[in-house]
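Before any comments, here is the structure.
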Amino acid sequence: MLTRGLFIGVALALLVYALKDISFSEIVGQFRQAHYGWVVASGLVVVLIYWVRAMRWQQSLLALHHHPTVFRAMVAYQTGAFISMLVVGSGELTRCITLQRTDQVPVSHGLGSVVAERVLDFLMLLLVLLLTFVLESARMIRYFSGMTWSVSGSKLFLLLGLSLVTSVGLIWLWRSPFVRKHPFSVKLEGFAKGLWSGFAAIRQLPNPWLFVALTILTQVLSWLHLYLLMLSVESTRDLPPTAALTVLAVASIGGLAVPTQGGVGTFHFFVGRILVLYGLSTAQGTVVATFLHTMGLAINLVLNSLSFLIVPVLIAQAKREKMTVPE
């Protein structure tokens, strides 16, 4: 509870700091000038994102001998996404409880099916960051460090030597019984084993390559969603498509650093400043970030809230199906 309160406090502080020099009229003007045809198109992409994520979750459930339809998995997924906007980290449990009520999938099985998802999502985030650095290296290096990377031969040799010594030292420390038994080391080792077990579970899926392909497609659609939103804004319409990839990467980093409800605060702060590297002023970047975040949040709230209207219908249908099954 204390950690959650701390994250909320940091998010609010970032939000206040990001908007401290922005007038309300500037934000209102941005919403008035936006081209909402592109916003509608981005909303349709969000529907596809949830459908693809539901298909991927269905693959995990099939490995556990459960056969929910993609539509039911999608509705359950959306209930989790909605609750996650209110209470960070509660989305997985909520969608598993929902699927238990609509398709009698045990919660423990539902949670177990999420492991492979989390592993691949983490690996995809690393891939997105790597791709961003490759395509926008100059901008990303300037954003994260603001330093030049000209290194002389002697300095490079010294750097390699220090890296080697550090690596040997870390290996020696890791083999030390005191370090291996330390609570932090135990947690780190458990995390690594969890990643490996989750990755190994992918091979047990009915179609592991389809699972991977759906994961990649989810990231592509997430990029497209952001790119379409940026097309709706005059100041970002002419930016290269890689700008949306940069926004996706920075927003993901911000969400990991300070996990808050719907990315409030972190998105405004980080995205508002990364857009400076594309020729926007800090104020312009923050106004655009506010618009992007608000539109994305509104689209998700509307779509996810609809799931709570559908869930009672699915539960009633499941009860009727159970009553008609012969003993």
query = Would a hydrophobic clustering, with Ile, Leu, Val, Met, Phe, Trp and Tyr connected at side-chain separations under 4.5 Å, put V40 with V46?
reply = no

query = With a 4.5 Å limit on heavy-atom distance, are the side chains of I49 and L217 in contact?
reply = no

message = Between T94 and T79, is the side chain to side chain donor-acceptor pair (under 3.5 Å) condition met? List the steps.
response = CA-CA 7 Å; T94 301; T79 60; over 6 Å; no

task = Kindly indicate whether the side chain of M295, heavy atoms from C-beta on, has any atom under 4.5 Å from the side chain of F31.
result = yes

inquiry  = As an exercise, state the distance from CD of Q59 to CD of E117, rounded to the nearest 0.5 Å.
reply    = 11.0 Å

ask   = Which heavy atom of A54 sits nearest a heavy atom of V70, and at what distance?
value = CB-O, 3.5 Å

query = Do L135 and L224 belong together in a cluster built from hydrophobic side chains that touch within less than 4.5 Å?
reply = yes

request  = Go through V250 and V247 one step at a time and tell me if the side chain to side chain contact (heavy atoms under 4.5 Å, CB included) criterion holds.
outcome  = CA-CA 5 Å; V250 171; V247 170; over 6 Å; no

ask   = Hydrophobic cluster mates of V28, side-chain heavy atoms under 4.5 angstrom, ILVMFWY only, any path?
value = F24

ask   = Which atom pair, heavy atoms only, marks the closest approach of N300 to Y50?
value = OD1-OH, 2.6 Å

query = Cluster question for you: counting only ILVMFWY and a side-chain heavy-atom cut-off of under 4.5 Å, with indirect links fine, are M74 and L48 together?
reply = yes

Under 3.5 Å: donor-acceptor pair, side chain of Q78, backbone of L303 = yes

task = Using the side chain to side chain contact (heavy atoms under 4.5 Å, CB included) rule, take T215 and D121 through it: C-alpha gap first, then chi angles, then the decisive distance, then the call.
result = CA-CA 7 Å; T215 301; D121 285 343; 4.0 Å; yes

note = Closest heavy-atom pair, N304 versus A81, reported as atoms and distance to 0.1 Å, is ND2-CB, 3.6 Å

inquiry  = What I want to check is whether the side chains of Y77 and Q58 have a donor and an acceptor closer together than 3.5 Å.
reply    = no

ask   = Can you tell me if R237 uses its side chain to pair, donor with acceptor, with the backbone of L231 under 3.5 Å?
value = yes

ask   = Any side-chain heavy atom of V276 sitting closer than 4.5 Å to one from S281?
value = no

inquiry  = Walk me through whether L226 and L245 qualify under side chain to side chain contact (heavy atoms under 4.5 Å, CB included).
reply    = CA-CA 8 Å; L226 275 173; L245 183 65; over 6 Å; no

message = Please report the interatomic distance CG(L309) to CG(L314), rounded to the nearest 0.5 Å.
response = 11.5 Å

inquiry  = Quick check: is V302 connected to F82 through a chain of hydrophobic side chains (ILVMFWY, heavy atoms under 4.5 Å apart)?
reply    = no

message = Less than 4.5 Å apart, side chain to side chain, heavy atoms only: is that true for L62 and H67?
response = yes

Test item: side-chain donor near acceptor, Q284 and S235, under 3.5 Å = no

query = Between S252 and L125, what is the shortest heavy-atom contact and its length?
reply = CB-CD1, 3.3 Å

ask   = Has the side chain of T98 got a donor or acceptor atom that lies under 3.5 Å from a matching backbone atom of A76?
value = no

key: For Y227, ring-ring contact (aromatic ring centres under 6.0 Å, His included) partners two or more places apart   = W223

note = ring-ring contact (aromatic ring centres under 6.0 Å, His included) with H293: of F270, F269, F267, only one passes, and it is F267

inquiry  = Starting from Y36, can I reach W38 by hopping between I/L/V/M/F/W/Y residues whose side chains sit under 4.5 Å apart?
reply    = yes

message = Assess, by modelled atom type and distance only, whether the side chains of E26 and S23 contain a donor and an acceptor separated by less than 3.5 Å.
response = yes

query = Are Q104 and H66 linked by a side-chain donor-acceptor pair shorter than 3.5 Å?
reply = no

query = Within 45° of the ring axis of W57 and under 6.0 Å from its six-membered ring centre, is that where the NZ or CZ of R95 lies?
reply = yes

request  = Just do the side chain to side chain contact (heavy atoms under 4.5 Å, CB included) check on F291 and V39 with the steps written out, would you?
outcome  = CA-CA 11 Å; F291 175 81; V39 176; 4.2 Å; yes

ask   = Looking only at atom types and distance, does a side-chain atom of Y278 sit under 3.5 Å from a main-chain N or O of G285, one as donor and one as acceptor?
value = no

ask   = Atom CD1 of I310 and atom CG of L306: how far apart are they, to the nearest 0.5 Å?
value = 6.5 Å

ask   = Got a salt bridge between R118 and E92, using NZ or NE/NH1/NH2 to carboxylate O under 4.0 Å?
value = yes

task = Ignoring hydrogens and angles, tell me if any N or O in the side chain of T132 forms a donor-acceptor pair with the backbone of V128 under 3.5 Å.
result = yes

inquiry  = A side-chain contact here means heavy atoms from C-beta on lying under 4.5 Å apart; do T236 and L280 qualify?
reply    = yes

request  = Indicate the atoms forming the closest heavy-atom contact of A251 with V271, along with that distance.
outcome  = CB-CG2, 4.2 Å

ask   = Given side chains that start at C-beta, do those of M124 and T218 come closer than 4.5 Å, heavy atoms only?
value = no

query = Side chains of S60 and V114: closer than 4.5 Å at any heavy-atom pair?
reply = no

task = Taking all heavy atoms of H268 and all of R273, pick out the closest pair and write down the distance.
result = O-NH1, 4.5 Å

remark   = d(R101 CZ, C96 SG) to nearest 0.5 Å is 14.0 Å

